[in-house]
Amino acid sequence: MDDTEGYPNIFQSAPYNRGLRVEIAGSTVAIIVQDLQAPNGLRGMTLTSALEKSRWYVLEVEAMNGAFVRATLDGVSVANYSGDGLNIEMSEFILGAGFDDSRVFKGEIDSSSLVKGNIAFPRLSLAIIYSTIIFAFLLFMVVLWKALSEYYEVRLVVFKLVFISLPLLLVIVYIEYKMSYLNTDYYTRRVALEQEAEKVEVLVVGSSNTFYGVTPEVFSLKGFNLAFPGSGMYFDAKLAEKYSGIMPNLKMVVLTVNYFTFGLDYSTFSQSWRQFALRQNFGISLKTTVGLPFNWQFWLEPRNFSKIALYGKALIGEELLAPVDVVASCLGWFNGGDVAPDLSKNLGLAAAKDHNSTTDSDNYIHNLSDWDTLVSFLRGHNINVVMATLPTDASYYQELDKDKKNKMHDILLDFSARNNIKFVDFTGDGRFSSDDFTWEMPDHLNAKGATKFSKILDEELIVPHFK
């Protein structure tokens with residue numbers, strides 16, 4: 001950038017204010033987007049207020065009508081807005097110019113790319129389900145009405161009940177419709193993954209430790225983090241298997257596991273509701289219904305298809321952040337910030353005691369069996385597999401049950417040897433200190449620690465496979 005006078009545009013997607021544009025004003029860079037819910041029909045999002053001349057920047061912007069706008073500047077998330085009113089036209093994409101000569105970009109633009117497409121919304125399947133239910137209900141009412149043709153009083157009671165319940169039904173339908181637009185991390189990450197699917201070469205799965213601790217942005221190959229808070233090994237396997245089929249360039253899957261998830265009985269897990277979020281957003285079948293000729297449990301459990309049932313209780317119980325968990329980067333990683341834990345609060349000891357009480361070594365083999373099938377599947381498709389446990393702070397891992405911890409390590413080593421998979425246990429890696437972990441969870445890496453670990457993961461497990 002040589003000159004910032006005259007409100008130059010980096011790009012715009014449609015004339016005037018009908019689309020999305022990135023505009024410069026002095027040292028400030030902002031996104032201006034058409035938003036029908038904003039007072040003047042426009043919404044502005046500042047990306048930086050410290051723009052420097054004669055310097056290169058890497059800017060990535062993603063947007064979806066009625067859903068979200070997010071942007072990264074030099075790999076750092078600088079904008080993440082969601083709203084139903086986003087209405088972005090793509091009628092005239094212009095790079096380095098705008099409405100008139102005063103908006104011409106005075107500088108250099110290199111390696112620009114534009115990807116435009118339509119993403120299938122998960123609410124489409126919900127619409128089919130609810131349409132089927134409504135049709136079945138109407139058919140039932142018609143049959144009942146005819147069957148009661150000789151009973152006028154009964155007909156009248158049925159009519160009154162339907163008339164009274166109709167407003168409630170309409171309210172429920174409206175709430176379901178609005179909640180289908182809820183930009184949860186599950187929804188936005190499915191969209192992000194499908195946008196990147198053809199380019200992804202390394203897929204990482206796991207639970208919240210991995211969600212916080214692995215940033216694919218620093219990989220030598222194009223990566224994506226598909227780890228979710230509270231995800232069990234069964235769901236890791238199913239996600240990797242499902243999406244490896246739409247990733248033509250996928251070369252490797254990184255399987256991560258930790259002390260908590262390895263010994264977890266998911267059926268009694270307090271956050272087992274998350275399996276229904278995966279069911280609704282990713283189409284992952286529940287383990288209890290796999291192989292059944294008729295998935296009767298699907299219909300008996302409304303969280304399989306209802307947003308109200310899925311998110312309502314969790315939101316009321318404050319088990320979720322808004323919008324329903326933190327939203328990840330465009331490559332699936334959550335930036336946990338750089339604030340280190342306060343060791344005086346003994347958070348590591350508390351977390352270790354909690355995990356010791358819920359970890360049952362009898363579950364080790366059972367949970368690992370879900371990876372046996374996955375490894376065979378990936379090998380059959382010429383996809384490499386590596387395994388890792390992530391670093392944890394000494395205040396945490398030194399308090400873990402030694403017998404359970406050692407048994408876990410031995411079982412993972414045996415599994416890696418049987419399947420000829422490279423496995424590295426980073427749990428107590430001396431390269432990490434307390435400064436590398438989040439302020440509230442000493443078994444979760446902060447942004448600095450995640451960047452450090454991801455570089456190590458790339459150098460020691462990923463890159464050696466392709467030399």
Start with the C-alpha gap between Phe211 and Asp185, add the side-chain angles, then the distance that decides, and say whether side-chain contact (heavy atoms from CB on, under 4.5 Å) holds. CA-CA 11 Å; Phe211 181 40; Asp185 180 55; 3.8 Å; yes

Take Val191 and Tyr187, measure what side-chain contact (heavy atoms from CB on, under 4.5 Å) needs, and give me the verdict at the end. CA-CA 6 Å; Val191 172; Tyr187 170 65; 3.8 Å; yes

Asn209/Thr256 under side chain to side chain donor-acceptor pair (under 3.5 Å): CA gap, chis, key distance, verdict: CA-CA 9 Å; Asn209 304 64; Thr256 66; over 6 Å; no

Run the side chain to side chain donor-acceptor pair (under 3.5 Å) check on Thr438 and Glu440 step by step: do they pass? CA-CA 6 Å; Thr438 63; Glu440 57 181 349; 5.6 Å; no

Assess whether side-chain contact (heavy atoms from CB on, under 4.5 Å) is satisfied between Val69 and Glu62, documenting all intermediate values. CA-CA 6 Å; Val69 173; Glu62 292 181 283; over 6 Å; no

Decide yes or no on side-chain contact (heavy atoms from CB on, under 4.5 Å) for Leu20 and Val61, but give the supporting numbers first. CA-CA 10 Å; Leu20 179 152; Val61 179; 4.3 Å; yes

Evaluation steps, side chain to side chain donor-acceptor pair (under 3.5 Å), between Arg43 and Tyr81: CA-CA 10 Å; Arg43 184 169 300 277; Tyr81 169 77; 3.0 Å; yes

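A pairwise comparison of heavy atoms in Ile88 and Ala63 identifies CD1-CB, 3.6 Å as the closest pair. In this structure, Glu201 and Leu250 approach most closely via the heavy-atom pair O-CD1, 3.5 Å. Nearest heavy-atom pair, Glu52 versus Tyr57, reported as atom, atom and distance to 0.1 Å: N-OH, 2.9 Å. Nearest heavy-atom pair, Gly26 versus Leu51, reported as atom, atom and distance to 0.1 Å: O-CD2, 4.1 Å. Val205 approaches Thr210 most closely through the heavy-atom pair O-CG2, 4.1 Å. A pairwise comparison of heavy atoms in Phe105 and Pro8 identifies CA-CB, 3.9 Å as the closest pair.
Judged by the 6.0 Å distance and 45° axis criteria, Arg279 is not positioned over the aromatic ring of Phe282. Taking the centre and axis of the six-membered ring of Phe228, the NZ or CZ atom of Arg189 falls inside the cone set by 45° and 6.0 Å.
The main-chain N or O of Ile24 is never found under 3.5 Å from a side-chain atom of Thr28 such that the two would form a donor-acceptor pair. No donor-acceptor pair closer than 3.5 Å links the side chain of Gln12 to the backbone N or O of Arg21. Formation of a donor-acceptor pair under 3.5 Å by the Asn281 side chain with backbone atoms of Leu278 is not found in this model. The closest donor-acceptor contact from the side chain of Asn384 to the backbone of Lys251 lies under 3.5 Å. With hydrogens and angles disregarded, a donor-acceptor distance shorter than 3.5 Å links the side chain of Asp74 to the backbone of Val58. Panel note: side chain Trp333, backbone Tyr212; a donor-acceptor pair is recorded below 3.5 Å. No side-chain donor-acceptor contact under 3.5 Å links Asn335 to the backbone of Ala447. Although no hydrogens or angles enter the test, the distance criterion places a donor-acceptor pair under 3.5 Å between the side chain of Thr268 and the main chain of Asp265. In this structure, the side chain of Ser454 engages the main chain of Ala450 through a donor-acceptor pair within 3.5 Å. Put simply, the side chain of Asp338 gets close to the backbone of Lys448: a donor and an acceptor are under 3.5 Å apart.
For the side chain to side chain contact (heavy atoms under 4.5 Å, CB included) criterion with Ser244, the lone passing option out of Val200, Leu239, Ile383 is Ile383. When Phe262, Tyr397, Phe260 are each tested for a ring-ring contact (aromatic ring centres under 6.0 Å, His included) with His355, only one passes: Phe260.
The side-chain heavy atoms of Leu264 and Thr359, taken from C-beta on, include no pair separated by under 4.5 Å. At a threshold of 4.5 Å between non-hydrogen side-chain atoms, the residues Asn249 and Lys199 do not count as touching. Contact annotation: the side chain of Leu42 never approaches that of Val33 to less than 4.5 Å [non-hydrogen atoms, C-beta and beyond]. Leu59 has its side chain out of reach of Thr72: every pair of non-hydrogen atoms, C-beta onward, lies at least 4.5 Å apart. Counting heavy atoms from C-beta outward, Asn304 and Gln280 have side chains that stay 4.5 Å or more apart. Looking at heavy atoms from C-beta onward, Phe437 lies in side-chain contact with Asp393 at the 4.5 angstrom threshold. Using a 4.5 Å cut-off on side-chain heavy atoms (C-beta onward), Trp56 and Glu108 make contact. Between Leu445 and Phe432, the closest side-chain pair of non-hydrogen atoms falls below 4.5 Å.
Look at Asp435 and Lys452 and you find no salt bridge, because none of the NZ, NE, NH1 or NH2 atoms lies under 4.0 Å from a carboxylate O. Between Glu194 and Arg190 there is a salt bridge, since at least one side-chain N of the basic residue sits less than 4.0 Å from a carboxylate O of the acidic one. A salt bridge links Arg431 and Glu460; the closest N-O separation between the charged side-chain nitrogens and carboxylate oxygens is under 4.0 Å.
Here CE of Met247 is found 8.5 Å from OH of Tyr243. Values are rounded to the nearest 0.5 Å. To the nearest 0.5 Å, atom CG of residue Asp354 and atom CG of residue Leu349 are 11.0 Å apart. Note: Leu374 CG to Trp371 CH2 = 8.5 Å, rounded to the nearest 0.5 Å. Taking CG from Asp436 and OG1 from Thr392, the interatomic distance works out to 11.5 Å, rounded to the nearest 0.5 Å. Going from atom CG of Leu390 over to atom CG of Leu457 covers 7.5 Å, rounded to the nearest 0.5 Å. Taking CG from Leu193 and CG from Leu226, the interatomic distance works out to 5.5 Å, rounded to the nearest 0.5 Å.
Aromatic ring centres of Phe235 and Tyr266 lie closer together than 6.0 Å.
Annotation: Glu198, atom CD; neighbour count of heavy atoms from other residues, nucleotides and ligands within 6.0 Å does not exceed 12.
Using modelled atom types, one finds a donor on one side chain and an acceptor on the other under 3.5 Å when comparing Ser208 with His444. The closest side-chain donor-acceptor pair between Ser207 and Asn258 falls under 3.5 angstrom. Side-chain atoms of Ser231 and Asp236 form a donor-acceptor pair, as typed in the model, at a separation below 3.5 Å.
For the side chain to side chain contact (heavy atoms under 4.5 Å, CB included) test, no residue two or more places apart in sequence or in another chain qualifies with Ser165.
The aromatic rings of Phe11 and Phe93 sit parallel to each other, their planes meeting at less than 30°, with 60° as the upper class boundary.
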